[in-house]
Amino acid sequence: MKTLEIDKEYINKVNNLIAGKNKKYIVYTMGCTLNENDSEKISGMATEMGYTQTENINEADLIIFNTCCIRENAEEKLFGKLGEVKKLKQERGTIIALCGCMMQEEHIVEKIKQSYRYVDIVFGTHTIQKFPEDLYDLLSKENKVIDILDIDGEVYEGLPIKRESKNKALVTIMYGCNNFCTYCIVPYVRGRERNRRPEDILREITSLAEEGYKEVVLLGQNVNSYKGNGYNGINNFADLLRAVNKINGIEIISFISPHPKDFTDDVIMAIKDCNKISRILHLPLQSGSSEVLKRMNRKYTKEQYLNLANKIKREIPDVVLSTDIIVGFPGEAETDFEDTLDVVKQVGFEQVFMFIYSKRVGTPAEKMENQIPENIKHERFDRLKELVENQMQENNKKYIGTVQNILIEGKSKTNENMLTGRTNTNKVVVLEGKEELIGKIAKVKIVSEHMWYLKGEIA
Ligand code: SAH
Ligand code: SF4
Ligand code: F3S
């Protein structure tokens with residue numbers, strides 16, 4: 001895989017065109033953390049081109065929708081938003097750009113060409129670095145641009161970046177996915193796995209530490225299949241974790257998403273040995289039924305998953321687990337669903353992200369027989385939710401009276417007078433405290449639990 005350095009030619013060209021004109025942009029992040037990290041790069045490029053960010057869509061000169069297509073409601077959301085901005089386009093000539101995963105779907109781009117002709121720029125997941133060139137073509141030649149690559153792109157280094165958070169930095173370590181879980185659209189819209197070079201990742205994290213970042217989140221669709229090039233002895237994910245753990249200034253390391261099939265012993269040992277790695281591990285289950293897992297192409301059985309979860313808990317006693325579950329996959333029988341409930345009961349997850357199966361165009365599961373009726377999917381979802389919420393409340397109690405090291409992230413969104421942060425198991429903690437604590441790690445005693453958050457006091 002070739003790694004290319006970004007060329008700033010078009011960033012400078014756009015900058016020359018709009019300099020001094022007080023142009024503003026707004027970017028909507030509609031997907032996962034990888035999508036969020038892409039938005040940060042889009043913001044970085046927009047800023048270097050001379051745009052300033054606004055939160056007010058009515059004063060934006062450039063609107064960018066960074067789309068997602070993991071489930072059906074994502075499409076409804078985008079087309080709803082596009083309907084809303086049509087008026088802005090007509091009144092102010094606002095530039096409308098679409099990018100992200102949904103733009104890699106042919107039927108969507110067709111629909112945009114036919115029914116949303118006022119969209120100016122469309123670029124995909126492999127052409128994000130061409131956004132300045134596309135914008136330049138539009139501004140200088142009034143060319144509408146559709147810039148999508150079907151084949152996998154290269155790995156680009158050196159894109160400008162404007163980060164959302166001052167404490168926690170997202171660092172993509174690999175792009176794409178090779179797993180082809182049968183329900184999932186990601187391999188079709190993000191292409192095959194491509195790894196960043198360890199030296200590039202380490203350089204980025206070292207400079208983040210120098211800027212004052214305390215926490216990094218390593219991102220990829222399947223982070224534990226990461227392959228290094230041998231730089232400083234880094235050949236796999238476990239090696240990378242150990243190297244990141246040595247970077248001075250970084251105090252918390254987390255990663256999403258690992259795949260159970262690649263959760264090898266060396267990864268478990270690296271987590272055990274590295275004290276900076278977060279004590280919540282995401283172990284996406286998807287289903288508890290071996291039969292359903294086989295048809296999902298997940299490459300593990302119920303028993304293998306349970307053995308892995310037990311091994312992790314045994315080796316790293318202070319670790320807790322979170323997971324993703326899909327209910328209503330085609331052919332899921334009541335007994336299959338009960339297997340899922342059984343795994344949830346046995347593992348006792350700290351956090352469960354629950355999804356109702358959603359048909360994705362072009363995936364194998366779309367064509368499978370025995371699609372589950374909506375009412376059954378919803379009924380199962382509700383049963384799972386009830387179990388998870390009961391477990392969560394029970395589980396929260398174990399925090400009461402404990403003293404936790406909390407990275408104070410900022411003011412609470414719901415109460416200006418309170419601060420908020422997270423435990424090393426990702427539980428939200430709300431507490432009273434002085435603003436100077438923001439960005440620092442504080443010792444906090446947990447005093448009560450409230451389902452979605454814990455309340456604490458400076459210890
Ligand atoms: N690479 C990650 C998943 C990324 S997508 C992993 O393997 O864990 C995030 C989650 O969305 C998945 O874990 C899955 O639970 C859910 N998901 C993916 N496709 C879906 C679909 N078609 N319908 C419902 N949920 C889906
Ligand atoms: Fe989708 Fe499976 Fe790849 Fe995750 S591992 S992105 S669920 S195909
Ligand atoms: Fe993420 Fe959605 Fe794409 S979940 S990888 S933005 S399809």
Side-chain angles (χ1 to χ4, degrees), residues 27-42 65-75 77-78 98-105 108 124-126 128 170 172-194 218-226 255-263 281-288 292-293 295-300 305 321-330 332 340 349 351-368 371-372 374 377-378 380-381 384:
V27 54
Y28 288 94
T29 302
M30 306 174 91
C32 61
T33 35
L34 282 158
N35 187 262
E36 210 176 311
N37 195 214
D38 285 345
S39 286
E40 293 180 331
K41 292 171 190 162
I42 290 163
F65 291 104
N66 189 10
T67 64
C68 167
C69 53
I70 197 82
R71 287 169 287 272
E72 205 171 357
N73 59 359
E75 277 153 39
K77 242 195 256 169
L78 175 70
L98 303 181
C99 61
C101 293
M102 207 192 288
M103 298 307 120
Q104 296 290 142
E105 292 189 288
I108 296 285
T125 54
H126 305 304
I128 168 172
L170 307 177
T172 299
I173 62 165
M174 47 124 50
Y175 301 91
C177 180
N178 289 352
N179 291 322
F180 291 94
C181 303
T182 54
Y183 49 81
C184 184
I185 193 79
V186 169
Y188 305 90
V189 297
R190 289 259 171 189
R192 294 299 65 70
E193 285 178 8
R194 285 149 286 147
L218 309 178
L219 301 178
Q221 290 297 356
N222 187 1
V223 283
N224 48 348
S225 78
Y226 176 80
F255 50 85
I256 35 175
S257 283
H259 193 299
K261 79 174 166 58
D262 297 310
F263 226 107
L281 296 180
H282 191 60
L283 203 59
L285 169 67
Q286 312 303 357
S287 167
V292 170
L293 285 167
R295 281 187 293 109
M296 285 178 161
N297 193 29
R298 289 290 291 180
K299 303 186 178 86
Y300 52 86
Y305 183 94
L321 298 174
S322 64
T323 202
D324 287 356
I325 292 175
I326 299 177
V327 299
F329 183 78
E332 182 188 72
T340 299
F349 295 104
Q351 227 175 344
V352 182
F353 301 93
M354 298 166 274
F355 306 103
I356 290 178
Y357 169 72
S358 173
K359 244 191 204 181
R360 302 288 64 209
V361 174
T363 59
E366 180 204 7
K367 303 275 181 325
M368 285 182 188
Q371 298 282 333
I372 307 295
E374 286 302 314
K377 285 195 220 172
H378 281 94
R380 287 184 186 160
F381 183 87
L384 175 62

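For ligands, and for the atoms within them, numbers begin at 1 and follow the listed sequence. Treat the numbers as computed from the prediction; the structure is a model and nothing was measured.
- With sequence neighbours left out, Phe263 forms a ring-ring contact (aromatic ring centres under 6.0 Å, His included) with no residue at all.
- A donor-acceptor pair under 3.5 Å is formed between the side chain of Gln104 and the backbone N or O of Thr125.
- Remark: the backbone N or O of Val292 is not paired with any side-chain donor or acceptor of Ser287 at under 3.5 angstrom.
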Please test Phe255 against Asn224 for side-chain contact (heavy atoms from CB on, under 4.5 Å), starting from the C-alpha separation and ending with a verdict. CA-CA 9 Å; Phe255 50 85; Asn224 48 348; over 6 Å; no
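- Shown here for Gly31 and Cys68, the closest heavy-atom pair between the two residues is CA-CB, 3.5 Å.
- Protein N, O or S atom count below 2.8 Å of atom 3 (Fe) of ligand 3: the structure gives 1.
- The closest side-chain heavy-atom distance from Val223 to Ile173 is below 4.5 Å.
- The atoms of ligand 3 that sit less than 4.0 Å from any heavy atom of Gln221 are 5 (S).
- Side-chain contact check for Ser225 and Glu193: at least one donor-acceptor pair (N or O, by modelled atom type) lies under 3.5 Å.
- With Asn179 contributing its side chain and Arg298 its backbone, the two residues share no donor-acceptor pair below 3.5 Å.
- Separation of the Tyr188 and Phe180 ring centroids falls under the 6.0 Å cut-off.
- Protein residues are said to neighbour a ligand when one of their heavy atoms lies under 4.0 Å from it; for ligand 1 these are Ile70, Arg71, Tyr183, Gln221, Ser257, Pro284, Gln286, Arg298, Asp324, Ile326, Phe355, Ile356, Tyr357, Ser358, Arg360.
- Heavy-atom distances between Met30 and ligand 3 stay at or above 4.0 Å for every pair.
- When all heavy atoms of Ile256 and His282 are compared, the closest pair comes out as CG2-CB, 4.2 Å.
- Using a cut-off of 4.0 Å between Lys/Arg side-chain N and Asp/Glu carboxylate O, Arg360 and Glu75 are scored as salt-bridged.
- Protein N/O/S atoms closer than 2.8 Å to atom 1 (Fe) of ligand 2, listed by chain and residue number, are Cys184 SG.
- Taking all atoms of both residues into account, the shortest heavy-atom contact from Glu105 to Val189 is CG-CG1, 4.0 Å.
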Working for side-chain contact (heavy atoms from CB on, under 4.5 Å), residues Asn66 and Met30: CA-CA 6 Å; Asn66 189 10; Met30 306 174 91; 5.8 Å; no
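- Distance alone, capped at 3.5 Å, is enough to place a donor-acceptor pair between the Thr323 side chain and the Leu285 backbone.
- Atoms of ligand 2 found under 4.0 Å from any heavy atom of Arg298 (numbered from 1 in listed order, with element): 2 (Fe), 7 (S).
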